[in-house]
Amino acid sequence: MRKSIYFFGGGQADGDAQQKELLGGKGAGLAEMTRLGIPVPPGFTVTTEVCNAYYAAGRALPAGVEDEIKASIGRLESLLGARLGSAEAPLLVSVRSGARASMPGMMDTILNLGLNDEIARGLARRTGSERFALDAYRRFILAYADIVLGVPRDRFEEALGRARKQAAARLGVDATRLNAAELERKVPDSLLDPESLAALIQRQKDIVLGATGRPFPDDPYAQLWGAIRAVFDSWKNHRAEVYRKMHDIPEAWGTACNVQAMVFGNLGDDSGTGVAFTRDPSTGERRFYGEWLPNAQGEDVVAGVRTPHPLSRSGSGGANEEDDCSLEAKMPEAYAELVEVQGKLEQHFRDMQDLEFTIQQKKLFLLQCRTGKRTGRAAVRIAVEMAKEGLISEREAILRVDPGSIDQLLHPSIDGSAPKRLLARGLPASPGAATGQVVFSADEAERRAGQGKAVILVRSETSPEDIHGMKAARGILTARGGMTSHAAVVARGMGKSCVAGCSAISVSQGQMAVTIYDDHGHPTDTITVKAGDVITLDGGTGTVYLGAVPTVPAALSGEFEELMVWADAVRRLRVRSNADTPHDARTARNFGAEGIGLCRTEHMFFDEERIQAVREMILADGEAGRRRALAKLLPFQRSDFVGVFREMAGLPVTIRLLDPPLHEFLPQDEAQLQQLSRAMGVPVKELQRKNEELAEYNPMLGHRGCRLAITSPEIYEMQARAILEAACEVAAAGIEVEPEIMIPLSMTRRELAITRALVEGVAEKVFAEKGRRVDVRFGTMIELPRAAIVAGELAEEAEFFSFGTNDLTQTALGISRDDAGRFLGAYVEAGIFTKDPFQSLDVAGVGALVEMGRDRGRAARPGLTLGICGEHGGDPSSIAFFERAGLDYVSCSPFRVPVARLAAAQAALAAGSSRGPRATD
Ligand code: PEP
Ligand code: MG
């Protein structure tokens, strides 16, 4: 193992920004800031390797580490002229977690460590404020009891309430009719007087003794060991595990533990604390942005219990913005220094930074600096603007944006012209529109979402315990907390709509009371919203509406278009879309699709007007009857294809001939059979007999795909005719068409030879009838392991292959697509698969088949076009594989097209296969 402890302080640091793996993001940031000469309270980082060793030893600190920590405390003591355990010159420290990737609020933090009764008295003498010293002490006991000793915070609520009541009595406030929230508003923490605090501390200690059977630890070193262990333990707490899973953070990373000298933002009105971003994390706008609270500790801002004030005079756009409360107005010197520091840090790190600062008696300290989390919209804007400012290259800009996050940009927003009933306004914490039924607890959100309901989670404020409910909800609404509150930060990370700090609502006993205000801000009414009522959130404006409000599709920004242009310039893989209708084709093209990679013709069969003819075809005895029914379908199919070809003028359109087994088109339940019987004049019994005749044990492995054409070639004949007639018609209108006819589920050369002859026969007839020829390409899907193995033979008949990785995954793994959901979760949980192989390609297995198909296919036909049209075509990590595998294109659903374009560009840059002049900048 390397060094266990990395010290920072006095302008020097053992570590630096490069050492995130070892020091965690926070530790690396503190070291780097110290090196840059930025004011940072000194401290040291216990490395992630120690955390891993701690777990390896069954949750014990490795030998020697305690001594090293003591030595580092000694260094801190001599640097500060204070001592841990001294009442005359007390050293207090914070103990915080800090993993390689930021996991806001998921792990534990303890502040003010090093206090006991005597030291608290010493601190009071030294700071001249008994109130401050006791407040720090009671906060410390509360956090320590909760995190280290396992006595939950809510056990102390009542004691705190009593202290507030005592203070209220001294202040002459009548507290008899106030509920807890009102009491807190009337008697905030800052009004708790020393007597009430002293009594509260005693009660807290009694609660600890009662709950644990032991007195609260008085020895600062005992406190320190407990806190360090608890920080390491928190790496494996439930919420951290959920968060890691959601964000693909490996457990093996471990967390570092930072021990740092305390500075106090709660030393009076010339102190404060806050959080800042070097650019707006919601919109990406280049403006210094953040929030602060006077006379407070960091946890107050993040916990969202008090709604903070903006930093600058121009304000945060928040509901409670009041210019005169801004840091700029209250402490201009500290503000000016902070502005300078943030500029320096952004230039240094060349990315948007998220800062935590504390001002202790007018002196500024930075407590954290890390790359700031941002919405997809902000990520795009920041990357593009930084490239234009010359801070990063275009290539870096492409790599900066997580393709998954731009999904958010493509989400709908509230329809401005739709009638709506305004309920309340809060902070625009995370953009996007969301409609759903109100739920008041995370468990309820999870339960109802599990039943397929759209829900909005409404809370006074969220805490990390709510993470599963936030994940399940469509949107999140909180009564308290600012733009950097837990709810806001987590929702932005999830790309979920969130309105925070909506002070017009108050949540209690399973309902939400909403105060309605008139234009002058006077309350006029109160509305009660109950669980199950529907509301709509607009996270982009911070507005809450009653009922469901219609939404409009996303409008993409100029920066987004620019980023896409840069991405397109470096990407090698083409991006097509899976689209079945002219409407989908248009959406896909608007998103930049370069063709259609899969048009599933069966989707056209389900339309009300057509299903009748499809059923007639299935029920017909003999070929003549089938042909009569198919003749009715032909004009429908042709007009669909005309629409699709027109939308995709000049681009290839791959149309797959019928794939599903025919019984999928017959109704199964009694009522529908009766209806069909009446409509077709066929007895119900006869229909049931047909159903039984067509029923299969394993439909996915049954009579489907091109197997249908071997037994009933007239189906494919009709489809080929519809495609080719449509192509001729569109070409006759002067529009360029590039039809590609694709055969599903082939496994032998002979199947392709037969279907190809069939298509070519139809083509010759149609061309003769129409008096014109169009180029049409013939190809196949590769969806069976055998197809990949005999790809050389298949390529003799096919001009293109499209890997149908949905079926190829199903057939290679022998896992049914339809049943996998029941047990794949357990497979991922057990680490058998890192991700669901139907979402993210199983590179080792299915990927190897793709490579085999590629090699054997290309060896037989060097110009063979290779694409992929399974769901994996829109998955960034699978796209990285398809790039490495040298496929020609991926095809995905229309809304994934921009994601795929960006992912393909990143994959090209990573694989060194990018094209165009920008690749080298
Ligand atoms: C596939 O199998 O990957 C595919 C695209 O076809 P479908 O999903 O329609 O079976
Ligand atoms: Mg398939």
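First listed ligand is number 1; within each ligand, the first listed atom is number 1.
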Distance-only donor-acceptor check, side chains [X] and [Y], under 3.5 Å:
| X | Y | result |
| --- | --- | --- |
| His703 | Glu696 | no |
| Asp875 | Ser840 | yes |
| Asp640 | Gln637 | no |
| Arg576 | Thr654 | yes |

Salt bridge present between Glu717 and Arg721 (N-O < 4.0 angstrom)
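Here Glu717 does not pair with Arg721 in a salt bridge, since their nearest N and O are not under 4.0 Å apart.
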Asp568/Arg901 ion pair, N-O < 4.0 Å
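Yes, charged N to carboxylate O under 4.0 Å.
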Closest protein heavy atom (residue, atom, distance) for atom 5 (C) of ligand 1
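Of every protein heavy atom, Cys869 O, 3.4 Å lies nearest to atom 5 (C) of ligand 1.
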What is the nearest protein non-hydrogen atom to atom 6 (O) of ligand 1, stated with its residue, atom name and distance?
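Sorting protein heavy atoms by distance from atom 6 (O) of ligand 1 puts Arg656 NH1, 3.0 Å first.
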Short list, please: which atoms of ligand 1 are under 4.0 Å from a heavy atom of [X]?
| X | value |
| --- | --- |
| Asp807 | 1 (C), 2 (O), 3 (O), 10 (O) |
| Gly804 | 1 (C), 2 (O), 3 (O) |
| Arg600 | 4 (C), 5 (C), 6 (O), 7 (P), 8 (O), 9 (O) |

Quick check on the Mg ion (ligand 2): does Glu783 put an N/O/S atom closer than 2.8 Å to it?
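Glu783 does place an N, O or S atom closer than 2.8 Å to the Mg ion (ligand 2).
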Out of the candidates Arg707, Arg600, Arg704, only one should pair with Asp659 under the salt bridge (charged side-chain N to carboxylate O under 4.0 Å, His left out) rule; please name it.
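The salt bridge (charged side-chain N to carboxylate O under 4.0 Å, His left out) with Asp659 is passed solely by Arg704 among Arg707, Arg600, Arg704.
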Report the part of [X] in contact with ligand 1, treating N, CA, C, O as backbone and CB onward as side chain, heavy atoms under 4.0 Å; options are side chain, backbone, both, neither.
| X | answer |
| --- | --- |
| Thr805 | backbone |
| Gln810 | neither |
| Leu598 | side chain |
| Met781 | side chain |

Ile596: which of Arg589, Met648, Glu647 passes side-chain contact (heavy atoms from CB on, under 4.5 Å):
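Answer to the side-chain contact (heavy atoms from CB on, under 4.5 Å) test with Ile596 among Arg589, Met648, Glu647: Met648.
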Do any nitrogen or oxygen atoms of Phe803 come within less than 3.5 Å of a nitrogen or oxygen of ligand 1?
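No; every N/O pair is 3.5 Å or more apart.
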For Glu602, is at least one N or O under 3.5 Å away from an N or O on ligand 1?
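N/O-N/O distance below 3.5 Å does not exist for this pair.
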If you count every heavy atom of other residues, nucleotides or ligands that lies below 6.0 Å from Arg861 atom CZ, does the total exceed 12?
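Yes.
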Option set Glu783, Arg817, His872, criterion heavy-atom distance to atom 10 (O) of ligand 1, minimum
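Among Glu783, Arg817, His872, the closest heavy atom to atom 10 (O) of ligand 1 belongs to Arg817.
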